[in-house]
Amino acid sequence: MENIQWSDLSFGYIKTDYNVRCYYSNGKWGALETSSSELLNLHIAATCLHYGQEAFEGLKAFRGKDGKIRIFRMRENALRMQSSCRGILMAELPVEKFEEAVLQAVRMNERFVPPYESGASLYIRPLLIGTSAQVGVNASKEYLFVVFVTPVGPYFKEGFKTTPVGIFREYDRAAPHGTGTYKIGGNYAASLVAGEIAHEKGYSAVLYLDAREKKYIDECGPANFFGIKNNTYITPESTSILPSITNKSLIQLAEAIGLKVERRKIPLEELATLEEAGMCGTAAVISPIQRVDDVETGLSYVFSKDGKPGAICQKLYDKLRAIQYGNEPDTFGWTTEV
Ligand SMILES: *Cc1c(COP(=O)(O)O)cnc(C)c1O
């Protein structure tokens, strides 16, 4: 611990001092507990292991130039986890309990919040699982909520830059009325094969089309899609994408800097008319897209010829990061000081 090279950290797991846990049984949530163990004691027939009753969240805490630690949009994550719980029939955790657990996990591991200069941050991973032993397909009666944290390095080690993404029509991440709008492990399992193929071919992510017609842009593996044209921020309307909190924040920032915002279906061909495109999520804030290759048709949509991000992507990225690190006033009330 004493010699962590903060700016060399990747997006991996490093052991910290404590995690926070909360158990649900007999119809109610218990008190928060802290643990220094990285292990769970689980029944072999727990529903999370067999029937996928697992939801998670991802958010970050940042140490500012002023030394203060700020957590970004924690309440939004609490609400989204409740939505995921409703989606796969798990007990909902009260928002206040979620917030208390996150705050406690950050406070108890304060020495792992990277220094401002490093560009690194503390990743916070809440998860909620069904734990009752059940062999028949039924929702669990007992649940466990855990929050652990781990320091992660700056996403763009060599500076903010673009990457290519690929469309692979033979894979879907989620169905139109399936579980795509919930942040659950099952969606990720369903995306691993396509993700692996994309990485082997040199793409940073898969850009999924809508599963029904393969006509509209849906989202990228673990990030929402947006495009910029005619001074407008455009992001897909879909029943199978995960409501990204980063996207929601970028929409507000886009409006604040005078862009129009459209949330609507984006036909694949419209890519040819976009001036900039990007993926957005907690990990990178924005990961600007260099080009989209439609692997089946051989068509390519290029957004950056020199590999540099577009001016609007850069501006939105800088603004959001400035709020997260406390360099600009948080006029939206997005951050919680620890
Ligand atoms: C978590 C996630 C995102 C990004 O959401 P943020 O709240 O911005 O981190 C986008 N798509 C999927 C599928 C996700 O799981």
task = Ignoring hydrogens and angles, tell me if any N or O in the side chain of Trp29 forms a donor-acceptor pair with the backbone of Glu92 under 3.5 Å.
result = yes

Thr150 side-chain N/O to Ile14 backbone N/O, donor-acceptor pair under 3.5 Å = yes

Residue pair [X] / [Y], side-chain heavy-atom distance below 4.5 Å:
X: Tyr18; Y: Val20; value: no
X: Arg63; Y: Glu110; value: yes
X: Ser287; Y: Thr163; value: yes
X: Ile289; Y: Thr162; value: no

task = Using the ring of Tyr216 (Phe, Tyr or Trp, six-membered ring only), decide whether Lys265 places NZ or CZ under 6.0 Å from its centre and within 45 degrees of its axis.
result = yes

request  = For Ala175, enumerate each residue passing the side-chain contact (heavy atoms from CB on, under 4.5 Å) test, keeping only those at least two apart in sequence or located in another chain.
outcome  = none

message = If the condition is side-chain hydrogen bond (donor to acceptor under 3.5 Å, both in side chains), which residues does Asn41 pass it with, not counting sequence neighbours?
response = none

request  = Could you tell me how the ring of Phe98 sits relative to the ring of Phe145: parallel (under 30°), tilted (30 to 60°) or perpendicular (over 60°)?
outcome  = tilted

inquiry  = Does Tyr171, at its OH atom, have more than 12 non-hydrogen atoms belonging to other residues, nucleotides or ligands within less than 6.0 Å?
reply    = yes

request  = Determine whether more than 12 heavy atoms belonging to other residues, nucleotides or ligands lie under 6.0 Å from atom NZ of Lys141.
outcome  = no

Rounded to the nearest 0.5 Å, how far does [atom2] of [Y] lie from [atom1] of [X]?
X: Glu57; Y: Gln82; atom1: CD; atom2: CD; result: 10.5 Å
X: Phe226; Y: Cys220; atom1: CZ; atom2: SG; result: 10.0 Å
X: Glu142; Y: Thr47; atom1: CD; atom2: OG1; result: 9.5 Å
X: Ser304; Y: Gln290; atom1: OG; atom2: CD; result: 5.5 Å

Does this structure show an ion pair linking [X] with [Y], if we count only N-O contacts that are shorter than 4.0 Å?
X: Arg75; Y: Glu99; answer: yes
X: Glu276; Y: Lys315; answer: no
X: Glu219; Y: Arg173; answer: yes

query = Which is it for Arg21 and Asn19 under the side chain to side chain donor-acceptor pair (under 3.5 Å) test, yes or no, and what are the steps along the way?
reply = CA-CA 7 Å; Arg21 305 175 181 204; Asn19 55 81; 2.6 Å; yes

